[in-house]
> 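Below is the structure I would like to discuss, written out as structure tokens.
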Amino acid sequence: MAEYLASILAPRKTSEVNCSFYFKIGACRHGDRCSRLHNKPTFSQEVFTEMEEKYGEVEEMNVCDNLGDHLVGNVYVKFRREEDAEKAVIDLNNRWFNGQPIHAELSPVTDFREACCRQYEMGECTRGGFCNFMHLKPISRELRRELYGRRPWSWRRRWWRRRRWGRERDRRRSRDRERSGRF
């Protein structure tokens, strides 16, 4: 977090100066034509930070990269506690983003790995952005470490065990299917 703040506050080159208006209020009357720097946080970082600060601990967040009408612009946030998710839905349904209303709802999905396109993850999806499975926007390792790295070690260990257990369970299921002749 300190590196991110330093990158915002300190200009990169001597000729580059941060726009004081954009830094203070998040807007500048010159817009894209401004001669000074407008340091914008990434969408994922902004949403993750706001969700965690306002509503509670975020376990997982996925941003869809699909183009189909039913998935374009979808952001899935999995909270640790169900009460936090309910509070977020109520608050977010009264908000707007980028000139459009936010439509928040609770989802029955508990394991997003099942909803993701495996072919896309391997770089082989032939349907492209119009696939009916989720194509997730990748986030950098540094950002992932920054966002999820704030967790206490006990939480990270539990998360890792759950993730590892899910993979082992999937492997066992596929081995069992192969042995039984079902695919």
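Predicted model, so just to flag it, every value in this text is computed and none were measured. We number each residue from 1, following the sequence as shown.
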> Should Asn62 and Lys78 count as side-chain neighbours, where that means a heavy-atom distance under 4.5 Å?
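The answer is no; the side chains never approach within 4.5 Å.
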
> Under a single-linkage definition using a 4.5 Å side-chain heavy-atom cutoff for Ile, Leu, Val, Met, Phe, Trp and Tyr, are Val58 and Ile102 assigned to the same hydrophobic cluster?
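Val58 and Ile102: one cluster.
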
> Which heavy atom in Asn132 sits nearest to a heavy atom in Leu71, and how many Å separate them?
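For Asn132 and Leu71, the tightest heavy-atom pair comes out as O-CD1, 3.8 Å.
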
> Any idea which heavy atoms bring Ala104 and Val89 closest together, and the distance?
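Looks like O-CG1, 3.7 Å.
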
> Could you tell me the separation between the CE atom of Met61 and the CZ atom of Phe79, rounded to the nearest 0.5 Å?
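So the gap between those two atoms works out to 10.0 Å.
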
> Which residues pass the side-chain hydrogen bond (donor to acceptor under 3.5 Å, both in side chains) test with Asn74, not counting sequence neighbours?
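Partners of Asn74 by the side-chain hydrogen bond (donor to acceptor under 3.5 Å, both in side chains) criterion, ordered by chain and then number, come out as Tyr76.
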
> Membership question, hydrophobic clusters at under 4.5 Å side-chain separation (ILVMFWY): are Leu136 and Val109 in the same one?
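Same cluster: Val109 reaches Leu136 through Ile, Leu, Val, Met, Phe, Trp or Tyr contacts under 4.5 Å.
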
> Give a yes or no on whether Val75 and Phe112 share a hydrophobic cluster (residues Ile, Leu, Val, Met, Phe, Trp, Tyr; joining criterion: side-chain heavy atoms under 4.5 Å apart).
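In one cluster: no.
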
> Between atom CD of Glu50 and atom CG of Leu92, what is the distance when rounded to the nearest 0.5 Å?
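Answer rounded to 0.5 Å: 7.0 Å.
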
> Taking atom CG of Asn66 and atom SG of Cys117, what is their separation to the nearest 0.5 Å?
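Taking CG in Asn66 and SG in Cys117, the distance rounds to 8.5 Å.
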
> When you compare the side chain of Lys54 with that of Asp91, does any pair of heavy atoms fall below 4.5 Å?
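Side-chain contact under 4.5 Å: no.
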
> Let me confirm one number: the CD-CE distance from Glu121 to Met134, rounded to the nearest 0.5 Å.
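Nearest 0.5 Å value for the CD-CE distance: 9.5 Å.
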
> Which is it for Glu57 and Glu52 under the side-chain contact (heavy atoms from CB on, under 4.5 Å) test, yes or no, and what are the steps along the way?
CA-CA 5 Å; Glu57 191 173 343; Glu52 201 155 71; 4.0 Å; yes

> Should Gln119 and Arg127 count as side-chain neighbours, where that means a heavy-atom distance under 4.5 Å?
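Yes; the side chains approach each other to less than 4.5 Å.
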
> Could you check whether any side-chain N or O of Arg118 sits under 3.5 Å from a backbone N or O of Arg113, counting only pairs where one atom can act as donor and the other as acceptor?
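Side chain of Arg118 to backbone of Arg113: a pair is present.
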
> Do Tyr55 and Phe97 belong together in a cluster built from hydrophobic side chains that touch within less than 4.5 Å?
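Yes, it is one cluster - the side chains of Tyr55 and Phe97 are joined through contacts under 4.5 Å.
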
> Tell me, yes or no, whether the heavy-atom count around Phe133 atom CZ, taken from other residues, nucleotides or ligands under 6.0 Å, exceeds 12.
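No, the 6.0 Å shell around CZ holds no more than 12 heavy atoms from other groups.
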
> CG/Leu37 to SG/Cys19 distance, rounded to the nearest 0.5 angstrom?
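The CG atom of Leu37 sits 9.0 Å away from the SG atom of Cys19.
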
> Are Val72 and Phe130 grouped together when hydrophobic residues (ILVMFWY) are joined by side-chain heavy atoms under 4.5 angstrom apart?
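Per the 4.5 Å side-chain linkage, Val72 and Phe130 are not co-clustered.
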
